[in-house]
Amino acid sequence: MAHTRHLTIAVAAAATMLATGLAGCATDRGGAANTSAPPPETGQPITGGTVRLVGSGDIDHLDPTSAYYTATSGILRAYARQLYQLAAQKDPTKAFDVVPDVADGPPQLSADHLTYTIKIRPGVRWDTTPPRDVTAQDFVRGFKRLCNPVAGAGAPGYYTSTIKGMGDYCDAYAKAFAKAEPTAKALADFQNSHDIAGVRAKDDSTIVFTLTQQASDFLNIISLNFASAAPVEYDQYVPDSAQFRQHIISDGPYKITQYVATKSIRLERNTAWQQDSDPIRHQYVSAIEVKEGVSEPDAVQQQMEAGTADLSWDLPVPTAQLPQLKSDPNFHVYDGAVTNPYLVFNLQSKNAGGAMGKLEVRQAIEYAINKVAIGKIYGGKELNTPLNTAIPPGNIGYKPYDPYPTPNDEGDPAKCKSMLAAAGYPNGLTLIGAYRNAGNHPAVFQSYAADLQKCGITVKALPVRQGDYYGAFLQQPSLAKESKWDISAPGWIPDWYGNNGRAVAQPLFQTNCSPGTSNFGCYSSPKVDSLIKQALAEPDQTKAADLWHQVDQQVMADAVIVPFQNQNYPIYHSSRVKNAIYLPAFQLFDVTNLWLDPATP
Amino acid sequence: MTITELRVPAAQVTGRSPWQLAWGRLRTDRVALASAIVIVVLVTLAVCAPLIAAWNGHGPDDQFRDTGITPEGLPVPPGGEFWFGTDRLGRDLFIRVLFGARVSLLVGVVATGMASIVGVVIGLLAGFYGGVVDVILSRLIDVVLSFPYLIFAIAAVSIVGPSLAATVFVIAFYSWAAIARIVRGQTLSIKEREYVEAARSLGASDGRIMFIDILPNLLAPVIVLVTLLIPAAIVFESTLSYLGLGITPPTPSWGNLLSEAQGFYRVAWWYLTLPALTLLLTTLAFNLLGDGIRDAIDPRTERIFSRRRKKK
């Protein structure tokens, strides 16, 4: 899951089941639509100018192997390329499509769909002196860096669970540096002397992947930042070290010319890059500038309205401003495909007589929540659709149904109360509600706590620092087992959309009660586990979608979470930004496709 | 020449205690009196908050999702139903400001009370015994005074978790040292006076000298300091709550209200302005009253606002 820095509002572009099906089928045939760059919107593109992004914090990592924040991905697109990548598409039904990037067309699949042979596009070059071609070996190096013990990929599981030998390689890598000091030389030596069985460079321009089982989402997996190519020069540095960050080599249209931690990032045109070897990006603006340290969404919004900034780097449009912006031509709302926030139960908790472990109590709570009131916190019903399924629209397995209907989705306290009494709590109970004490989260907490109060459940407030919330709190099952919390409202942004059971239902609902889990309440159902296993191995997308939907049904029958809403994503740009193409996965406009009018400064 | 002088011979000449004299001076200080009235009104409103809430039917945590909030999630402006408007969850802001006053005043008074007791005792011990005791206690005071208070508060609250008790303790911990230092200084000079010598030669115990003979003579500066520390504590509480480290929601405190309102100042002026004005009025009243009391107790200080000065 990509955590946005400010998880107030989450991602995405429109996706009906149709779109999901199409994207899925395309990947299944191994033939991602060979889409070239989108047509310009109006008039001729204007070159030049500096697009100015303003926001709060720094990148999480600058090294493509470990970069995970959505904001980082937005600029990473300009300097690091993968074999496949999300198209920049105005048509929302195509926005989830994975198209060839450095790959010279769709992969060649073996008959058993376990071997992918991919040709490297000629003319893709590193920004070295003199410019050098990007080779298959560079991608192999990228995959080897994935599980380096210093700054590895945030989600190595996608690779270890699909690519042959990747798990063994990563285990060996971790073991080799369990005690040894990870110097640049030691890391490079390990990588150059150990191979991943399933990732092989056949020659300079051919890379071959061997999978352990069929994976219809494999192109999605290798389109993530983690799977970027890495030039041989990277062997000189410890991954993502301060030194590394000053020596990043670009194969995209822009290169990093200045990086000052927590202050600013500047990218300028990469002269080694050639338009005819890049089907996705352009080089319209002459520079991209990120200014950090403005932590108030309001301040960024005002700068964009005044024209002193062009895009927001990592902050959402302030919720309170949304109604006023409706008629502003620079304001856009994109259809959502995320469940954010949702209520998760700690099934391990022993509080209130183990109430959270009791199905009847959880089902009673399913009826209690006023989902329209939660939506008002995020700008009202037009921006937030009440959601009643575990899997939101735009993700595989979504089918609309409502297992716990309430009038207008506004909650039914009386029903909750009577069910609670039947479950053995006629006098109500007290639970601990953990929430992030930043952004909209305290308001969300107070809203659902008021709903639960009406049905006799008192929720004690447990504020958690925003930065600690996931890694140091929810993802620590030991805290769940110690009954430190009973309910909480996290959000979920999948790493990709469409055919993404591996990025949604699997991490959220498959049995996993070890540190770092995203199944925060330690839900475990043999039936769900086996359905997930079948769905991942199922090559037919329609059948797979049906299996994922069965996961949804079982999860909702077990009342593991209370879905609140599907959020649409509001976003703003300054009036001089033209050809703004929204990238649902990054919640940003594509900086490699927009131009500025006027193009000064 | 002045009315006061004319009055004196008219009345029977009677002895007046220093406290009576101070009260007489305070009564003529219009600013201090107005401040006192503001504080009394505020305390009354805070004490009666549950009655007012019961009267207009708006509990402090009741969310009026139909009438108190627009479909787009914006608060509604002040009007007949909601005097101060509503907040982002559709709660009555007037009621929440009143309930916030309960928390803020409680924190201010309790924290300052605890700080005064600790400060007076430590100051007395340090000043009275001197020597090693003084060295140790004075260094302790210096250490506390040299803490960067906000960083210390954030660290402390992060460890124990935000709550009303934690907020009170953090504020008290930071406030006692100022009192202790002043009390120590006063004790040093008072303990050299003849009547203390006399008490000692009569065989009075250390405890009796400290608490019966010296302490009453320290009360004046302590009272002044306390009236000035209460508003500081209220602001401190607001700061902590504003940063999400003080009172946990849904309990309203002024800091919480300000913190919730910060994203809305461009679309809902009342949300930020009214709680902020209440906070300003309260701290101003306490500060001006504190000034007035100081002027009244210590006639040597220059009196800027008092009626007496104007009549010279």
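Order of the sequence lines fixes the chain letters, A, B, ..., with proteins taken first and strands second; residue numbering starts at 1 for each chain. Atom set for the values below is all heavy atoms of this structure, side chains included, hydrogens, waters and symmetry mates excluded. These numbers were taken from a predicted model, which means no experiment stands behind them.
- The stretch residues 145-156 of chain B participates, sequence neighbours left out, in no salt bridge (Lys or Arg N to Asp or Glu O under 4.0 Å) pair at all.
- Tested against B/Phe173 for a ring-ring contact (aromatic ring centres under 6.0 Å, His included), the candidates B/Phe236, B/Phe152, B/Tyr149 yield a single pass: B/Phe152.
- For a residue to count as touching a neighbouring chain, one of its non-hydrogen atoms must lie under 4.5 Å from one of that chain's; by this rule A/Gln324 touches chain B with the side chain only.
- For A/Lys484 and A/Asn346, the side-chain atoms include no donor-acceptor pair closer than 3.5 Å.
- Contact annotation for A/Glu296: only side-chain heavy atoms (C-beta onward) come within less than 4.5 Å of a heavy atom of chain B.
- Of the residues A/Asp310, A/Leu311, A/Asp314, the one that meets the side-chain contact (heavy atoms from CB on, under 4.5 Å) test with A/Leu53 is A/Leu311.
- Considering only residues two or more places apart in sequence or on other chains, B/Tyr242 meets the side-chain hydrogen bond (donor to acceptor under 3.5 Å, both in side chains) condition with B/Gln262.
- Screening A/Thr406, A/Thr385, A/Asn388 for a side chain to side chain donor-acceptor pair (under 3.5 Å) with A/Lys371, the sole residue that qualifies is A/Asn388.
- Contact annotation for B/Gln63: only side-chain heavy atoms (C-beta onward) come within less than 4.5 Å of a heavy atom of chain A.
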TODO: Step by step, work out the side chain to side chain contact (heavy atoms under 4.5 Å, CB included) result for A/Thr458 and A/Gln453.
DONE: CA-CA 5 Å; A/Thr458 306; A/Gln453 189 71 58; 3.5 Å; yes
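- The greatest number of non-hydrogen atom pairs below 4.5 Å with chain B, out of A/Ala373, A/Pro323, A/Ala461, is found for A/Pro323.
- Contact annotation for residues 85-107 of chain B against chain A (heavy-atom separation below 4.5 Å, listed by residue number): B/Arg88, B/Leu89, B/Arg91, B/Arg96.
- Between chain A and the residues B/Ser259, B/Gly263, B/Pro71, the most heavy-atom pairs under 4.5 angstrom are made by B/Pro71.
- Contact annotation for B/Pro250: both backbone and side-chain heavy atoms come within less than 4.5 Å of a heavy atom of chain A.
- Ring-centre distance between A/Tyr404 and A/Tyr367: below the 6.0 Å cut-off.
- Chain B forms the most heavy-atom pairs under 4.5 Å with one residue out of A/Ala443, A/Pro318, A/Ala450, and that residue is A/Ala443.
- Of the two parts of B/Thr251, neither the backbone nor the side chain holds a non-hydrogen atom closer than 4.5 Å to a non-hydrogen atom of chain A.
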What side-chain donor-acceptor pairs closer than 3.5 Å can you find for residues 273-285 of chain B, not counting sequence neighbours?
| unit_1 | atom_1 | unit_2 | atom_2 | d |
| --- | --- | --- | --- | --- |
| B/Thr273 | OG1 | B/Trp269 | O | 2.4 |
| B/Thr278 | OG1 | B/Leu274 | O | 2.7 |
| B/Thr282 | OG1 | B/Thr278 | O | 2.7 |
| B/Thr283 | OG1 | B/Leu279 | O | 2.9 |
| B/Thr283 | OG1 | B/Leu280 | O | 3.0 |

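- Note on A/Glu410, A/Gln446, A/Glu382, A/Lys460: by heavy-atom pairs under 4.5 Å with chain B, the leading option is A/Gln446.
- The backbone N or O of A/Gly411 sits nowhere less than 3.5 Å from a side-chain atom of A/Asn370 that would complete a donor-acceptor pair.
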